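A short write-up of the structure that comes next.
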Amino acid sequence: MRDTVTRCYRVYGIVQGVGFRPTVSRHAKKCAVTGSVSNKGPYVEIFVQGTLENVDSFRTLLEKEPPKRAVILKINEIPVKEPVVFTDFGIIESKKTKGEIFISPDIAICDDCKKEMYDPKDRRYLHPFINCTCCGPRLTILDTLPYDRERTSMKEFPMCEKCAEEYHSPATRRYDAQPVCCNECGPEVYLIGRSEHGRRAITYTRRVIKKGGIAAIKGIGGFHLCCNAENPEAVALLRERKKRPMKPFAVMARNIDAVKKECLVTPEQESILTGHQKPILLLDRKSGGRISENTAPENPKLGVMLPYAPLQLLLFDYDDGITMPDCLIMTSANTSGAPICRDDEDAVRELSKLCDCMLSHNRLIRIRADDTVMDFYKNRPYMIRRSRGYAPLPVPLSMNFKGQVFAAGGELKNEFCIGINDLFYMSPYIGDLEDIRTVEAFKETSKRFLTLLEAEPEIAACDMHPMYNSVEVVKSASLKTLEIQHHYAHVLSCMAENDYSQRVIGVSFDGTGYGTDKTIWGGEILFSDYEGFERSAYIKPFLQPGGDLSAKEGWRIAASMILSLSENEEEVWAAVRKLDLCSDAEFNVIKAMTEKNINTVKSTSCGRLFDAVSAILGIRKRSTFEGEAACALQYKAMEYKGAEAVPSYILEEDNAIILPTHDLVYDIVKKRLAGENISYLAWYFHKSLSEMAVSACLKIREKTGVNVCALTGGVFQNTLLLSMTDDALTDKGFTVLTHSLIPPNDGGIALGQAAAAMYRLNRK
Ligand code: ZN
Ligand code: ZN
Ligand code: FE
């Protein structure tokens, strides 16, 4: 015994329902250590005994090769005072108790299952619902806890004898896999409103797509609308029926080779594309691809994903002799504003007129999950929409928080968050709460999440905006509420994602949010920590004539800014006409509105400033979808290849620094009128704005000594502005926090709200 050591590890994370204990047991045998593994509430406990060398190599192996789908958040080593002697390594069966389960996100079909599905000799040959311990739906089929088949959508499908055998045997790939099923006992696909089901339904759908039609297809987290991405007429038809003229559609490609024919793929991107979460990745398009230009018009990027549900693979490859295209449009099926359709009733009501057939199945979707959308920044994922495959993976903080909180998130791109001690669970994407149907989805999903996580929040955090539906819902629940200013929540979200809790200079460049002075904010530099914030700097306020309309029509803001371009009215009129911003009549209306302050709000919105400049440069005067004008401006700027310095200054007022964006706009108007190149000017705008932010950060550092900046807010989805600002700050010696797996946009603010609420709860 003298040379024997005994260690006890507690492993936290997604460690249940993913084959954790069998893997641990295999590792132990490999390393010649004895001991045991058991589920202990929120963690798995492992005892290992052996020589120091063997015990160390076990630990290394556990960290290097955890069970495929496990997510290890942390491993704590617990001192062992009086070790018992273990003669072998055992899996200890334990009862599931309250609070025990970390809910796993849905997992894309694994290679083993794929192989079986296409093996004519396998009993799950072409089974559209094949899954195993390593793959399959999780969150989306969960009803209540504890997580076992009886409490999932699979309860209606009793296991056949063979499936039950696999389910109960630790030696099989399907040990403890709740959704396990086969052709005998599993769910079935069928066409809504037609008699075809099973094989015939799949073939019928493939034929519709092949012929240029549109199919609605029920997937893991909701329905998609699908058509041949390589057929311009089919894509045009979908645009026409969906009344969606410009917004890019996502594409599902047959395999990674098909992706590489259309787009540039780095090794890091490839590993995400082919990984088990299968988000939509925004990739740079190559020329000469086969995908219709109309899939993402005037856009250098394309949103691409690979099939993640067995049924999606069957759309590409089936044994019915039909050859399918390599790339299909796969866009969330919903009417504008409404949440993604998840059952037949939704589909019939909302999709009948949009598609030529509807392929559904009888496994219920309990929780909707849209596809996750991800960009890349400096070779790392940069989240745009965090949903399927990622929700509800918790964000861990190391603050030793205790308690439970709920955070409602923002009004647009809503995702809510539940904090339990140091873990923060973000919901899947809910959508825009301006639509009452989405508000219903918000209520239902948040209720279900609270049940699943067995959470009873003590505080609910929300935005400050008096008109937000999310705020109303929170306030109507009888809970203590905490209002968090929108852009401060963005900063907190970035801090939380980086597990950083000291003071930061938070650059929150965003669309719009309600400020503490009741005006619209959105271009803020907030000196922040968990205690609160100081508004250290902001974009020079401008007017947004036309209220909500101005968010879609950048020319309105441009026109109102140009009103003060010069004292000389003739010069102003000449500029508006030459820029072709609007008609004379329209300009007169804007003039009257701003002079008389009719339906006009004061704003520091950075997003709206991008819209205005986009209009001034003649790139987009209005947007058909959120962010269109700003994205087009970014793409235009990316065409410029220079990197010269630009003049930049900031203004210091009594209590704050002002970013003189008005002057920048006038400068750009004059240069444009003088015939300067558009892509240069687009770049010049990005560069100057970034320089202003950097100058302000330098000034704040001078005053406070704080050397850490956080870059957050929807505008920082713009990776050109992000890299300019990030690089310049880094150059000046700042530590820069950026987002990665939490969106910089409003989809991420619930995390900041939740962290703030948890902080309040723990500050005593
Ligand atoms: Zn599998
Ligand atoms: Zn079966
Ligand atoms: Fe925002």
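Whatever order the structure lists them in is the order used to number ligands and atoms, beginning at 1. Keep in mind that what you see is a predicted model, and the values were worked out from it rather than measured.
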Check: By residue and atom, what protein N/O/S atoms are less than 2.8 Å from the Zn ion (ligand 1)?
Finding: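 Those protein N, O or S atoms (cut-off: under 2.8 Å from the Zn ion (ligand 1)) are Cys110 SG, Cys113 SG, Cys132 SG, Cys135 SG.
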
Next item on the list: Would you mind naming the N, O or S atom of Asp746 nearest to the Fe ion (ligand 3)?
Entry: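 The nearest such atom is OD1.
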
Next item on the list: For the Fe ion (ligand 3), find the closest N/O/S atom on Asp510 and give its atom name.
Entry: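 The nearest such atom is OD2.
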
Notebook entry, point to check: When you measure from the side chain of Glu524 to the backbone N and O of Val507, does any donor-acceptor pair fall under 3.5 Å?
Noted result: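 Absent.
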
Item checked: Main-chain N/O of Cys631 paired to Asn718 side chain as donor or acceptor, under 3.5 Å ->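 No: the side chain of Asn718 does not pair with the backbone of Cys631.
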
With a 4.0 Å cut-off on N to O distance, would you call [X] and [Y] a salt bridge?
X: Arg608; Y: Glu626; value: no
X: Arg124; Y: Glu166; value: yes
X: Lys552; Y: Asp611; value: no
X: Asp317; Y: Arg254; value: yes
X: Glu553; Y: Arg556; value: yes

Note to self: Keeping to distances under 2.8 Å, can you name the protein N/O/S atoms close to the Zn ion (ligand 2)?
What the structure shows: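 The answer, once waters are left aside, is Cys160 SG, Cys163 SG, Cys182 SG, Cys185 SG.
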
Checklist line | Geometry at the Fe ion (ligand 3) - His490 NE2 versus His486 NE2 angle, rounded to 10 degrees | finding: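 NE2 of His486, the Fe ion (ligand 3) and NE2 of His490 span an angle of about 100°.
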
Checklist line | Under the side-chain contact (heavy atoms from CB on, under 4.5 Å) test, residues paired with His465 that sit two or more places apart | finding: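 His465: side-chain contact (heavy atoms from CB on, under 4.5 Å) contacts with Asp463, Met467, Tyr468, Tyr514.
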
Check: Short check: any N/O/S atom of His487 below 2.8 Å from the Fe ion (ligand 3)?
Finding: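 It does not; every qualifying atom lies at 2.8 Å or beyond.
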
Notebook entry, point to check: With Lys540, which residues qualify under salt bridge (Lys or Arg N to Asp or Glu O under 4.0 Å), at least two apart?
Noted result: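 Expected list: none.
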
Margin query: Less than 3.5 Å apart, any donor N or O on the side chain of Thr519 or Asp517 sitting next to an acceptor on the other?
Written below: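 There is such a pair (donor and acceptor under 3.5 Å, judged by atom type) between the side chains of Thr519 and Asp517.
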
Next item on the list: Compute both the distance and the angle, then confirm whether Arg174 meets the cation-pi test with Tyr167: under 6.0 Å from the six-membered ring centre, within 45 degrees of the axis.
Entry: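 So Arg174 doesn't make the cation-pi contact.
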
